[in-house]
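Just so it is clear, the values below take in all heavy atoms, side chains as well, and ignore hydrogens, waters and symmetry mates. Everything quoted here is computed from the prediction, not taken from an experiment. First the proteins, then the strands, lettered A, B, ... as listed; each starts at 1.
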Amino acid sequence: MQKPRIYNTLTRSVEVFEPLNPPEVKMYVCGPTVQDLAHLGHAKTYIFFDILYRYLTHLGYRVRYVRNITDVGHLREDTQVDRIVAGAERERLAPMELVDKYMFSFFSDMDRLNIKRPTVQPRATMHIVDMWEAISRLIEKGHAYVVDGNVYFDVSSYERYGQLSGIRREELIKHRVEPAPEKRNPADFALWKRAESGYLLKWSSPWGEGFPGWHIECSIMSIKHLGEQLDIHGGGQDLIFPHHENEIAQSECMTGKRPFVKYWVHVGYLTVRGERMSKSLGNFVSIKDALARYTANDIRLFILSSHYRAPLDYSEDVMEQFVEVRERVEGSYARVLETRAEGGAAGEAGLEFSHQVDSILEGIKASLNDDFNTPRASAHLMELVKTVNARLDSARRPTEGDLEKAQQAFATVFEILGLRQPELSGEGERLYLVIERLLRLREEFRREGNFRVADMIREALREVGVQVEDTSSGPRFRLLR
RNA sequence: GCCCGGGUGGCCGAGUGGCUAGGCGGCGGCCUGCAGAGCCGCUUUACAGGGGUUCGAAUCCCCUCCCGGGCUCCA
């Protein structure tokens, strides 16, 4: 079996993927801070890791996939206020009410995008005690120090600091924001912050009441749920520095084991008119808004269309292109199912057709093995569509074997890429029966040559989103979105 | 300022030295009562600009222009 190759941010090169302990794969992906609605930028990252998860599973790896929920400890730079606390004030909710609201909203978004649920989805607030045990260990080992109820990581105690981001140590002395004066070094970062009286989200600790720093949670949760060394750790490119850099420092100092993570994987930004989609720029589209307009498959095909490390520019014009793509892909698959339901000619799959389909599937695997080149994989998917359509259209009726081959190929590709299979009779059998009766009636008019009435029926159905198409084997219809 | 990525045909986007990316859109053909869908063909001597290396460069080197990102807020 050809092994996949993947780009490792740590080495800045594409490497052959060899997990530490095959066939087991330990994968950790940084989840969202649940303070607000998730947007399409989040979707790009999590859809990519979903494909990574699906593909490695398809190859036979046993993947343990952990994606956390950050529900505390993520400080805003300007105010030094926890983002959850800030969000709670904004919406006049208790902090944990806000967390519940957006955590469940996020889960729902992920399900609707057909993103598989990770093995474990731990929450930071469920690991407070684990965090301070780890912080205590770092203090004992001389990697952290306490000042007035705050605990900081001592960056100078870890000589490899900067390895992931490539930031040089002398650069770190500079700073944009006035650093907390009690820090020994401006680059030191908080492991535990003291909470002022009246602060809503706080826990008691060996250093007084407070709350954890943002970076420590991912070290703790990944080690707790996956062990001291991971195969894959990923997230958006924005997390390379400081979040992941700090995670490496903490984790390796804590466990004494190196490397903490074998492959660091980072996903490029979703942009709008060239600029990064973000809350602060106000150019974001929430996943819910996007799903009100487009299907999950539209969105997934769009995201698949560029390489995961490259930026991808969002616009409605481009989305419309992918609506067309999706209709073509789903249409081809639906025709296979329909033709199969009607019954194909007896016989095995044709040799040539069979070879064509197999080589397309090989092409998809080869593309994914090559640093998860999903644009090339989707080009192969279009090839499958074309090949299958041509077979369905040909004068020689497709055999049962052909149809089964085509259906299996689509099912495999859909599963790996996480595309939802179109359903032939989804919402309500009765709707379908009504449409069929109408079409039967229309056939009668057509036979009589009464095309005026036949076209009226077709147009009326079109107005309510039912596209009627006449084919040599009778009329078919599909529901438009 | 320092450090990373980028600039590919009307549009989106693969491609790291020779071999058709793919899609969307447009045009034409086949099919069809018409439409739609599908298939075939064309649009495609595209690679920011200028030098250089090479038998050969979108791909390697140098310079210039432009864009985005990171430098302790972000997936």
Whether A:Arg276 contacts B:G70 is assessed here as follows: a side-chain N or O lying under 4.0 Å from the phosphate OP1 or OP2. Is that the case? yes
Please give the distance between the P atoms of B:A21 and B:C42 as a whole number of Å. 13 Å
Can you tell me whether the side chain of A:Asp470 and the base of B:C34 have a donor-acceptor pair closer than 3.5 Å? yes
When we call it a touch if two heavy atoms are under 4.0 Å apart, what does A:Tyr46 touch: a base, just sugar-phosphate, or nothing? sugar-phosphate
I need the minimum non-hydrogen distance between A:Ala409 and A:Val357, along with the two atoms involved. CB-CG1, 3.5 Å
Would you measure the distance from the P atom in B:G22 across to the matching atom in B:U43 and give it in whole Å? 13 Å
Of A:Ser278 and A:Leu281, the one whose closest nucleotide on RNA chain B sits nearer the 5' end is A:Leu281
Once you apply a heavy-atom cut-off of 4.0 Å, does A:Leu381 come out as touching a base, just sugar-phosphate, or nothing? nothing
Kindly point out which of B:A75, B:C34, B:C24 is positioned nearest to the side chain of A:Glu324? B:C24
Nearest-Å distance once atom P is located in both B:U20 and B:A58: 15 Å
Using a 4.0 Å heavy-atom cut-off across all strands, classify A:Gly31 as base, sugar-phosphate, or nothing. sugar-phosphate
Any donor-acceptor pair under 3.5 Å between the side chain of A:Gln321 and the base of B:C12? no
Describe the nucleic acid contact of A:Val267 in one word from base, sugar-phosphate, nothing, applying a heavy-atom distance below 4.0 Å. nothing
Using a heavy-atom cut-off of under 4.0 Å over every strand shown, decide if A:Gln467 touches base, sugar-phosphate, or nothing. sugar-phosphate
Describe the nucleic acid contact of A:Ala310 in one word from base, sugar-phosphate, nothing, applying a heavy-atom distance below 4.0 Å. sugar-phosphate
Touch check for A:Lys279, heavy atoms < 4.0 angstrom, all strands: base, sugar-phosphate only, or nothing? nothing
Closest-nucleotide ordering on RNA chain B, the 5'-leading residue of A:Tyr7 and A:Pro32: A:Tyr7
Can you find a donor-acceptor pair, distance only, under 3.5 Å between A:Arg326 side chain and B:C24 base? no
For A:Asp455, answer base if it contacts any base atom (sugar-phosphate contacts may also be present), sugar-phosphate if it contacts only those atoms, and nothing otherwise; contact means non-hydrogen atoms under 4.0 Å. base
A:Arg67 charged N/C atom sitting above A:Phe49 aromatic ring, 6.0 Å / 45°: no
Taking any heavy-atom pair under 4.0 Å as a contact, classify A:Gly235: base, sugar-phosphate, or nothing. sugar-phosphate
Below the 4.0 Å mark, does B:G15 have OP1 or OP2 next to a side-chain nitrogen or oxygen of A:Asn373? yes
Could you go through the ring pair (Phe, Tyr, Trp, His ring centres under 6.0 Å) check for A:Tyr294 and A:Phe322 one step at a time? CA-CA 9 Å; A:Tyr294 308 108; A:Phe322 286 94; over 10 Å; no
Just call it for A:Gly274: base, sugar-phosphate, or nothing, with non-hydrogen atoms closer than 4.0 Å on any strand. sugar-phosphate
Quick one: which of B:G68, B:U72, B:A37 gets closest to the side chain of A:Ala187? B:U72
Using a heavy-atom cut-off of under 4.0 Å over every strand shown, decide if A:Phe451 touches base, sugar-phosphate, or nothing. base
Just to be sure I understand the rule, does A:Val29 reach a base, reach only the sugar-phosphate, or reach nothing, if contact means heavy atoms closer than 4.0 Å? nothing
Any A:Arg328 side-chain nitrogen or oxygen under 4.0 Å from OP1 or OP2 of B:C24: yes
A:Lys386 side chain near B:G22 phosphate (N/O to OP1/OP2, under 4.0 Å): no
How would you label the contact of A:His74 with the nucleic acid (heavy atoms, under 4.0 Å): base, sugar-phosphate, or nothing? sugar-phosphate
Counting the atoms with a prime plus P, OP1 and OP2 as sugar-phosphate, which does A:His307 contact under 4.0 Å by heavy atoms, base, sugar-phosphate, or nothing? sugar-phosphate
Say we look at B:U64 and B:G13: how far apart would their C1' atoms be, to the nearest angstrom? 27 Å
